[in-house]
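Just so you know, residue 1 is the first one in the sequence shown, and it goes up from there.
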Amino acid sequence: MMNTNLTLALRRHSFNLLLGCAAGSALPALAQTAVAAAVASATTEMAAPVEDNAPMATVEISSRKTRSSVALSKNEIQKILPGTNPLKALQTLPGVSFQSADPWGNNEQNLSLFVHGFSGQQLGYTMDGVPLGDQQYGNYNGLSPQRAVISENVRSVVLSSGAGDLATASTSNLGGTIETFSSDPLATQGASVQQTVGSHRTSRTFARYDTGAFGDGSSAYFSILHHEARAWDFDARQGGDQFNAKFVNRSEAGKLTLFFNYSDKIEPNEDSTVHVAGETSAPYTRPFLYPNFGAALNYLSPTGATPAADGNNYRNYYSDAQRTDYLAYAKFDANLAEGATWSNQVYFHKDDGAGVVAGPIGVAGLPALFGVYYPNQNLKQVFGNSGYAVRTTEYDIKRGGFISTLRKELGEHQLEAGLWLEQNRSSAYRRWYALDVNHPTSPYDRPGNPLITQYGSEIDNKVVQLHLQDEWKVSQDIALQAGFKSSLQFADGQFPVQPARGAISGGSTALPVGSITTKKWFLPQVGGRWDVTPQDQLYFNLQKNMRQFVTYGGGGASPWSLASQAAFDLFKRDAKPETALTYELGLRGNHPLQLGAVTAIDGQVSVYHVDFSNRLLQISPTPVISSIIGGNPVLANVGSVRTDGVDLAATVHFGNNFSFYNALSYNRSQYADNYFNGATLVPTAGKNVPGSPEWLNKFVATANLGEVEFQLIGDYVGKRYATYTNDLSVPSYFLMSLGVSGKLPALASWLKNPRWRVNVSNLANREGALNVVVGAADKTYNTFPIAPRQGFLTLTADF
């Protein structure tokens with residue numbers, strides 16, 4: 001939250017429109033911010049406890065950037081639902097399509113994110129500058145933002161939808177960047193406690209203690225979180241524990257920051273529903289049978305077969321994602337001289353994780369797989385006589401890095417040079433365990449004593465990124481920016497455990513090993529901004545980005561998942577990394593008005609075009625079998641994608657007690673080429689990118705009535721194609737959520753700032769396809785359902 005003094009200070013620093021604050025409004029507003037450095041210097045105020053009825057700016061648009069860069073503050077993130085994933089908070093922004101099965105957006109296995117036609121794995125992510133990888137469910141180079149920092153400790157999240165800063169530490173930011181920033185310690189000593197309860201036995205407990213200022217410019221905080229909730233359609237527990245600690249010391253020499261995060265969480269996975277062309281019915285959900293082991297035994301035939309009527313929509317016993325992360329960094333922002341700063345940051349991340357599935361042994365090619373290791377044996381007896389086997393993909397990440405950025409003002413020029421180095425050692429092991437009919441295992445424990453280790457990968461990846469840029473203030477109203485970055489990756493993959501013949505799809509006897517080095521020395525960026533009037537600013541940006549090859553062994557769109565050494569060697573020789581050339585033009589402004597009840601209007605319109613080249617696609621003739629057994633027969637360059645789009649967002653203010661924000665987006669992302677799948681030509685030229693809607697519309701209506709604030713959020717997602725050839729699609733949906741908050745004056749005599757908040761998701765209790773999982777060229781796709789209406793009560797107090 002920004003008070004009036006801070007707003008005025010930021011205004012003096014640069015052209016900016018903190019729309020809610022500037023108008024004295026207590027309502028959501030689409031607003032302009034100042035340069036990121038100015039925002040960062042105000043972190044002690046942004047970290048202050050949330051006051052729901054205080055003046056605020058909901059959406060902040062940077063006016064220093066030569067591109068679209070939009071931010072949400074802590075206050076607005078927590079309004080969506082206390083504890084929400086910072087990525088989910090972005091769903092109110094133009095051009096963003098986000099879906100997840102749980103109200104917080106924490107479940108990573110069924111999370112879907114598109115920004116301007118780019119999928120979540122084609123964006124770049126950081127937390128306080130630390131790279132978070134590409135957010136794939138099969139973790140290999142990072143962790144999700146909600147595992148990197150407790151949601152309640154997030155200061156802000158920033159979306160650069162067209163192209164991110166050259167300095168962003170990411171190898172995947174084709175379509176822009178999402179930067180999460182943690183709050184700094186408060187200057188005054190105190191503590192806060194927050195408790196959320198609600199639907200499906202939800203209990204979320206957060207506590208934070210701030211030391212206040214001590215010593216010579218030092219301050220710190222410590223916070224803990226415990227989260228539990230039941231899945232809405234079956235008996236499974238979501239939750240875990242998290243701990244954050246942050247220390248800051250400010251002196252004339254600069255600012256020292258130390259940060260530590262521990263996260264231990266388990267998320268129940270949700271089986272998606274398989275759809276086929278011409279179907280007459282499909283289950284809305286595929287709930288697991290756990291903990292009813294008797295029902296699980298009765299579900300299978302004596303030989304372990306699933307009911308024929310269920311087809312590919314058979315039911316598993318349980319599945320979950322287990323993740324334990326340690327993340328730490330040390331950063332020093334040095335004041336070298338007047339107009340010169342040098343920032344240096346070191347970080348380390350350790351992840352121990354597993355994806356666990358207990359499923360029937362008689363489905364999707366498993367009898368053939370198990371027969372490789374146990375030929376001519378009774379497989380049901382081998383795997384504990386229950387008819388089920390437990391499959392794990394066990395992940396391990398050890399990565400460390402160094403980020404250095406030097407900034408210098410020379411007259412009308414602001415020069416910046418930077419370096420990012422990272423070494424990441426990751427592994428992925430696919431193992432199979434028995435599920436004993438007399439001693440069934442729990443999904444919340446890591447199984448032991450595997451019967452089969454199907455494969456095991458070890459990949460050592462080194463990244464080097466350099467950047468150099470200059471921002472030239474041509475005149476008082478015009479600034480130009482130009483620069484480039486270099487991206488280099490040195491990856492070596494080995495398989496200490498190779499699969500037996502027939503142990504992965506495609507019939508390979510050995511997954512590929514070897515090194516791949518990719519270097520792109522010149523990725524340019526050119527941009528500019530023009531203060532057309534004191535209230536309006538025009539900007540443009542042109543930037544080229546590259547996505548380095550995925551370094552994951554055994555699955556996904558990775559060279560080390562190809563079905564043979566020969567395929568890997570051919571890929572290494574001929575393949576090119578994905579690249580995107582983004583053009584962006586926009587106008588942003590803020591206008592006080594006197595039109596009856598309308599007192600101000602502010603917003604931004606941006607148009608963009610993207611040339612996306614060398615798109616890589618993992619192709620499998622048996623996607624169901626490949627998803628279970630592992631391995632991909634083909635990883636092919638399927639040509640180019642052309643994207644055109646427009647985002648229009650505005651806030652209309654009706655005095656100080658009501659505002660209405662609306663964001664309308666149109667995006668058309670189409671394949672430019674057909675591709676060959678190894679057997680036939682797949683006609684994708686002119687087809688839309690599946691999973692990404694053409695039309696999006698969001699609104700936020702907020703009203704302050706005395707001591708109570710009401711906020712209604714609407715989210716419209718248009719029709720989405722579900723296959724690469726666009727022969728199947730899922731219909732549009734419109735969801736609403738409600739938030740009501742206020743203070744508790746009766747408790748104010750012995751508690752500081754006590755307050756309450758009620759949140760209701762899916763207010764109208766709609767049903768339908770929430771997100772679509774695309775895995776085939778035609779005739780089939782998968783979906784996850786819209787969760788039913790859920791309600792939550794949050795109580796907060798400071799001490």
Exercise. Are any non-hydrogen side-chain atoms of Glu76 and Val700 less than 4.5 angstrom apart?
Worked result: no
Problem set entry | Gap between atom CD of Gln121 and atom OG of Ser172 - 0.5 Å precision | 8.5 Å
Problem set entry | Separation of Lys698 NZ from Thr92 OG1 (nearest 0.5 Å) | 6.5 Å
For this session: Would you check if the side chain of Gln465 reaches a backbone N or O of Thr168 as a donor-acceptor pair within less than 3.5 Å?
Result: yes
Exercise. Between the main-chain N or O of Ser640 and the side-chain N or O of Asp673, is there a donor-acceptor pair closer than 3.5 Å?
Worked result: yes
Problem set entry | NZ/NE/NH1/NH2 to OD/OE distance under 4.0 Å, Arg642 and Asp611 | yes
Exercise. Taking atom NZ of Lys520 as the centre, does the number of heavy atoms from other residues, nucleotides or ligands within less than 6.0 Å exceed 12?
Worked result: no
For this session: May I ask you to test the Trp695-Leu664 pair for a side-chain heavy-atom distance under 4.5 Å?
Result: yes
For this session: Kindly say whether Gly589 contributes a backbone atom to a donor-acceptor pair with the side chain of Asp602 at under 3.5 angstrom?
Result: no
Exercise. Roughly how far, to the nearest 0.5 Å, is NZ of Lys485 from CG of Leu468?
Worked result: 14.0 Å
Problem set entry | Under-4.0 Å salt bridge between Glu409 and Lys473 | no
Problem set entry | Lys719 side, atom NZ; Ser732 side, atom OG - distance, nearest 0.5 Å | 10.0 Å
Exercise. Can you check whether Val158 reaches Ser69 side chain to side chain, under 4.5 Å on heavy atoms?
Worked result: yes
For this session: List the steps and the verdict of side chain to side chain donor-acceptor pair (under 3.5 Å) for Tyr552 and Asn141.
Result: CA-CA 9 Å; Tyr552 175 68; Asn141 71 342; over 6 Å; no
Seminar exercise, completed: The single option from Ile403, Thr171, Asn424, Val463 that satisfies side chain to side chain contact (heavy atoms under 4.5 Å, CB included) with Pro131 is Ile403
For this session: Spell out, as yes or no, whether a donor-acceptor pair under 3.5 Å connects the side chain of Asn139 to the backbone of Tyr137.
Result: yes
For this session: Could you check whether the rings of His116 and Tyr608 sit parallel, tilted or perpendicular, using 30° and 60° as the cut-offs?
Result: parallel
Problem set entry | Flag, side chain of Thr684 to backbone of Lys687, donor-acceptor distance under 3.5 Å | no
Exercise. Can you check whether Val550's main-chain N or O pairs, donor with acceptor, with Ser558's side chain at less than 3.5 Å?
Worked result: yes
For this session: Anything under 30° is parallel, anything over 60° is perpendicular, the rest tilted; go ahead and classify Tyr724 against Tyr675.
Result: perpendicular
For this session: Decide whether Ser97 and Gln99 meet the rule of one side-chain donor and one side-chain acceptor closer than 3.5 Å.
Result: yes
For this session: Give, for atom OH of Tyr125 and atom CG of Leu143, the distance between the pair rounded to the nearest 0.5 Å.
Result: 12.5 Å
Exercise. When you check the side-chain N and O atoms of Gln525 and Asn541, is any donor under 3.5 Å from an acceptor?
Worked result: yes
For this session: May I have the step-by-step check of side chain to side chain donor-acceptor pair (under 3.5 Å) for Gln548 and Ser487, ending in yes or no?
Result: CA-CA 8 Å; Gln548 292 281 7; Ser487 180; 3.0 Å; yes
Exercise. Do the side chain of Ser160 and the main chain of Thr177 share a donor and acceptor less than 3.5 angstrom apart?
Worked result: no
Problem set entry | Working for side chain to side chain donor-acceptor pair (under 3.5 Å), residues Asn667 and Ser669 | CA-CA 6 Å; Asn667 173 278; Ser669 297; 2.9 Å; yes
Exercise. How far apart are the C-alpha atoms of Thr551 and Trp560, what are their side-chain angles, what is the distance that settles it, and do they pass the side chain to side chain donor-acceptor pair (under 3.5 Å) test?
Worked result: CA-CA 7 Å; Thr551 58; Trp560 288 271; over 6 Å; no
Exercise. So Gln604 and Tyr539, side-chain contact (heavy atoms from CB on, under 4.5 Å) or not? Walk me through it.
Worked result: CA-CA 11 Å; Gln604 172 178 285; Tyr539 65 90; 3.4 Å; yes
For this session: Would you check, one step at a time, whether the test ring pair (Phe, Tyr, Trp, His ring centres under 6.0 Å) holds for Phe402 with Trp420?
Result: CA-CA 6 Å; Phe402 172 68; Trp420 169 42; over 10 Å; no
Exercise. So Arg399 and Asn461, side-chain contact (heavy atoms from CB on, under 4.5 Å) or not? Walk me through it.
Worked result: CA-CA 9 Å; Arg399 64 187 182 104; Asn461 185 39; over 6 Å; no
Exercise. Rounded to the nearest 0.5 Å, what separation is found between the CD atom of Gln469 and the CD atom of Gln481?
Worked result: 4.5 Å
For this session: For the pair Arg529 and Glu471, evaluate salt bridge (Lys or Arg N to Asp or Glu O under 4.0 Å) and give the outcome as yes or no after the intermediate values.
Result: CA-CA 11 Å; Arg529 61 182 186 274; Glu471 182 174 310; 2.8 Å; yes
Problem set entry | Heavy-atom donor-acceptor pair, His349 side chain to Gly400 backbone, under 3.5 Å | no
Exercise. Is the backbone N or O of Ala685 less than 3.5 Å from a side-chain atom of Asn674, with the two atoms forming a donor-acceptor pair by type?
Worked result: yes
Exercise. In terms of the angle between their ring planes, are Phe699 and Phe660 parallel, tilted or perpendicular, with boundaries placed at 30° and 60°?
Worked result: parallel
Problem set entry | Non-hydrogen side-chain atoms of Leu111 and Asn85 separated by less than 4.5 Å | yes
Problem set entry | Non-hydrogen side-chain atoms of Gln345 and Thr405 separated by less than 4.5 Å | no
Exercise. Can you list the steps and then say if Gln135 with Leu87 is a side-chain contact (heavy atoms from CB on, under 4.5 Å)?
Worked result: CA-CA 11 Å; Gln135 302 298 295; Leu87 298 183; 4.3 Å; yes
Exercise. Are Asp715 and Phe98 side-chain neighbours, meaning at least one heavy-atom pair lies under 4.5 Å?
Worked result: no
Exercise. So, the side chain of Asp134 versus the backbone of Gln136: is there a donor-acceptor pair under 3.5 Å, distance only?
Worked result: yes
For this session: Would you mind checking if Glu578 and Arg615 are paired as a salt bridge, meaning a charged N to carboxylate O distance below 4.0 Å?
Result: no
Seminar exercise, completed: Heavy atoms of Leu123 and Ser170 approach each other most closely as O-OG, 4.3 Å
Exercise. Taking C-beta and beyond as the side chain, do Asp128 and Thr257 meet within less than 4.5 Å on heavy atoms?
Worked result: no
Exercise. Any side-chain heavy-atom pair from Trp521 and Leu488 closer than 4.5 angstrom?
Worked result: yes
For this session: Go through the steps for Glu694 and Arg668 under the test side-chain contact (heavy atoms from CB on, under 4.5 Å), then give the verdict.
Result: CA-CA 6 Å; Glu694 282 192 338; Arg668 172 166 287 185; 3.0 Å; yes
